[in-house]
Amino acid sequence: MLYTLAGGGTLCGVAALVLLIVSTATDFWMQYRYSGASANQGLWRFCINHKCHAHTITVAFWDATRAFMLLAVLSCFAGVVLGLSAFANGTKSRRVRMGGIALLLSGVLALLALAIYTGVTVNFFGKRFLDWRFSWSYILGWVAIILTFVAGVFQLCAYQKNISEPPNIQES
């Protein structure tokens with residue numbers, strides 16, 4: 001049962017890591033119409049008619065969202081590595097517990113990033129552009145949050161299961 005929980009947590013963590021990286025790196029957080037042309041933007045650049053440009057102004061919400069997403073990716077990576085290392089030499093309960101905590105931290109950091117982006121987008125860009133919507137990169141970020149929380153809970157349940165089981169002593 002322990003390996004099932006820890007394995008499930010690690011598998012969810014790997015999926016979340018991939019989704020966090022894709023979400024952070026791609027340019028489809030928001031799609032909108034700009035002067036009649038289709039446009040989209042991500043954390044690093046914006047594209048109008050498939051011509052992409054780096055964000056020219058530094059806005060605090062982009063910096064905060066970028067920072068929280070990068071920290072979420074790093075924390076998720078640490079959680080996955082700790083989860084995988086628990087299988088290398090038998091289950092090490094400290095590694096499983098720390099992996100679960102790192103995955104939960106990753107979920108909180110990504111949640112902060114997406115909450116900041118959502119608030120600014122709805123209150124600022126939503127009023128500036130009439131025809132806009134959140135796009136697939138943004139949605140992948142929310143799916144990754146769910147997976148990181150599930151992975152962290154699985155890892156912590158594996159840790160609890162490990163410390164609650166009595167040691168298996170063979171009688172001779």
Side-chain angles (χ1 to χ4, degrees), residues 6-87 95 98-129 131-155:
T10 303
L11 184 63
C12 286
V14 168
L17 180 61
V18 169
L19 293 180
L20 282 171
I21 291 170
V22 169
S23 176
T24 303
T26 54
D27 299 325
F28 287 89
W29 281 56
M30 181 179 133
Q31 291 180 319
Y32 54 95
R33 306 288 291 159
Y34 182 77
S35 298
S38 65
N40 56 286
Q41 74 175 13
L43 298 179
W44 311 101
R45 59 188 189 160
F46 66 96
C47 304
I48 300 172
N49 278 339
H50 305 291
K51 292 184 180 180
C52 298
H53 312 281
H55 289 292
T56 54
I57 57 172
T58 301
V59 181
F61 91 93
W62 273 322
D63 291 340
T65 304
R66 289 176 193 145
F68 283 130
M69 286 301 286
L70 290 173
L71 290 172
V73 168
L74 291 174
S75 180
C76 189
F77 179 75
V80 168
V81 168
L82 287 166
L84 288 172
S85 70
F87 290 103
R95 289 184 183 176
M98 291 308 296
I101 291 169
L103 288 164
L104 288 175
L105 176 65
S106 175
V108 169
L109 291 167
L111 182 64
L112 281 169
L114 281 138
I116 290 168
Y117 188 85
T118 302
V120 171
T121 300
V122 169
N123 290 323
F124 177 69
F125 290 117
K127 294 175 184 170
R128 184 173 173 199
F129 303 110
D131 185 20
W132 69 276
R133 65 187 172 106
F134 291 115
S135 194
W136 60 269
S137 298
Y138 174 82
I139 294 166
L140 287 182
W142 283 107
V143 174
I145 289 170
I146 293 167
L147 286 173
T148 56
F149 282 129
V150 168
V153 167
F154 278 4
Q155 294 281 28

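Just so it is clear, the values below take in all heavy atoms, side chains as well, and ignore hydrogens, waters and symmetry mates. Just so it is clear, the model here is predicted, and its values are computed rather than measured.
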Is any side-chain heavy atom of W142 less than 4.5 Å from a side-chain heavy atom of T118?
yes

Do the side chains of F154 and L11 get nearer than 4.5 Å, heavy atoms only?
no

When rounded to the nearest 0.5 angstrom, what is the spacing between CG in L43 and OG1 in T65?
6.5 Å

Is there a donor-acceptor pair closer than 3.5 Å between any side-chain N or O of W29 and the backbone N or O of T24?
no

Find the distance between OH (Y32) and CG (D131) and round it off to the nearest 0.5 Å.
12.0 Å

So T10 and Q155, do their side chains get closer than 4.5 Å, heavy atoms only?
yes

I need the L70 CG to I21 CD1 distance, nearest 0.5 Å.
10.5 Å

Side chains of F68 and Y117: does their closest heavy-atom pair fall under 4.5 Å?
no

Nearest heavy-atom neighbours spanning S85 and R95:
OG-CD, 3.2 Å

Look up atom SG in C12 and atom CG in L19, then write down how far apart they are to the nearest 0.5 Å.
10.5 Å

Nearest non-hydrogen partners of I48 and A37, listed with the distance
CG2-CB, 4.1 Å

What is the minimum heavy-atom distance between L147 and A15, and which atoms define it?
CD1-CB, 3.9 Å

How long is the straight-line distance from CG of N40 back to CZ of R133, given to the nearest 0.5 Å?
10.0 Å

Min side-chain heavy-atom separation S106-L20 under 4.5 Å:
yes

For a quick test of reading the model, state the closest non-hydrogen atom pair linking A110 to A72 and the distance between them.
N-CB, 3.7 Å

Do Y138 and M30 touch side chain to side chain, with heavy atoms closer than 4.5 Å?
no

Looking only at heavy atoms, the pair that brings G13 and A151 closest together is N-CB, 3.5 Å

Out of curiosity, C76 SG to L104 CG, how far, rounded to the nearest 0.5 Å?
11.0 Å

Aromatic contact between W136 and F134, with the criterion being ring centroids under 6.0 Å apart: yes or no?
no

Partner set under ring pair (Phe, Tyr, Trp, His ring centres under 6.0 Å) for H53, not counting sequence neighbours:
F46

Are the side chains of V22 and F28 in touch, meaning some heavy atoms are under 4.5 Å apart?
no

N49 vs S38 side-chain heavy atoms within contact, under 4.5 Å
yes

